Amino acid sequence: MAGQQVAHDQLIPCIESALKQAQLNPEYLALEVTESFIIRQPEVSIGKLTYLRDLGISLAMDDFGTGYSSLSYLKRLPVEKLKIDRSFIKDIGIDKSDESIIMATVAMCQSLELGIIAEGVETPQQLEFMTALGCYCVQGYYYSKPLPADELYDFVCERNQVSEPTDT
């Protein structure tokens, strides 16, 4: 979610309505909010995000490490996951400083019992580095480019060797 969406008065009613209309259990919905907005307007973010988390919605802080992170806010935020920005991931194997920042972030998340997602994983070396740290949730072209919904189903079935659903 963009900062404007979080700040909007109708955010919570809109999400509640969409969940009801889709007959979707909130535990199957994950929302992401950028670090920069949370840090700029914590008084707006924390209450709304806490309410959404209490509904059962999973929350992640996107672009972690690119803003002006405050560790005092991090411990108060109702997020379950941090997403390491791709700007750090892309220089794995090239920039030791980025690797050190990634290692420290992963260690911090593990200590705080937060999930971690690596964005922008494109190479086997990047994947190996992240999994060696215990980060098994990654996004990026290493697995696939973004896909339309109909192609996504085929992609997942092909890789998991899942059979087509039946009417029985």
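Everything numeric in this text was worked out from a predicted model, so none of it was measured.
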Listed partners of [X] passing side chain to side chain donor-acceptor pair (under 3.5 Å), at least two apart:
X: Gln110; answer: none
X: Asp98; answer: none
X: Thr50; answer: none

Taking side chain as C-beta onward, heavy atoms only, is Ile84 less than 4.5 Å from Ile101? no

Using a 4.5 Å cut-off on heavy atoms from C-beta on, say whether the side chain of Met103 contacts that of Phe129. yes

Between Ile102 and Met130, does the side chain to side chain contact (heavy atoms under 4.5 Å, CB included) criterion hold? Intermediate values first, please. CA-CA 9 Å; Ile102 292 168; Met130 295 310 300; 3.6 Å; yes

Applying the 4.5 Å side-chain criterion to the ILVMFWY set and letting contacts propagate, would [X] and [Y] be lumped into a single cluster?
X: Ile12; Y: Leu77; value: yes
X: Val106; Y: Ile117; value: no
X: Val138; Y: Val156; value: no
X: Val121; Y: Phe155; value: no
X: Phe88; Y: Leu133; value: yes

Could you walk me through whether Leu59 and Val33 pass the side chain to side chain contact (heavy atoms under 4.5 Å, CB included) check? CA-CA 8 Å; Leu59 300 170; Val33 63; over 6 Å; no

Are the side chain of Glu151 and the backbone of Leu147 linked by a donor-acceptor contact shorter than 3.5 Å? no

Test of understanding: with side-chain contact (heavy atoms from CB on, under 4.5 Å), list the residues that count as partners of Pro13, not counting sequence neighbours. Gln10

Under the side-chain contact (heavy atoms from CB on, under 4.5 Å) test, which residues partner Cys109, sequence neighbours left out? Leu82, Thr105, Leu114, Ile116

Run the side-chain donor-acceptor check on residues 16-31: report pairs under 3.5 Å with partners two or more places apart or on a different chain.
unit_1, atom_1, unit_2, atom_2, d
Glu16, OE2, Tyr51, OH, 2.5
Asn25, OD1, Glu27, N, 3.0

Can we say Glu32 and Lys81 salt-bridge, meaning some charged N sits less than 4.0 Å from an Asp/Glu carboxylate O? no

Please enumerate all residues that pass salt bridge (Lys or Arg N to Asp or Glu O under 4.0 Å) together with [X], with sequence neighbours excluded.
X: Arg53; answer: none
X: Glu80; answer: none
X: Lys96; answer: Glu99

Working to the nearest 0.5 angstrom, can you tell me the gap between [X] [atom1] and [Y] [atom2]?
X: Leu55; Y: Ile15; atom1: CG; atom2: CD1; value: 8.5 Å
X: Gln125; Y: Ile89; atom1: CD; atom2: CD1; value: 11.5 Å
X: Ser58; Y: Leu52; atom1: OG; atom2: CG; value: 11.0 Å

Residue pairs involving residues 127-145 (criterion side chain to side chain donor-acceptor pair (under 3.5 Å); sequence neighbours excluded): Lys83-Gln139

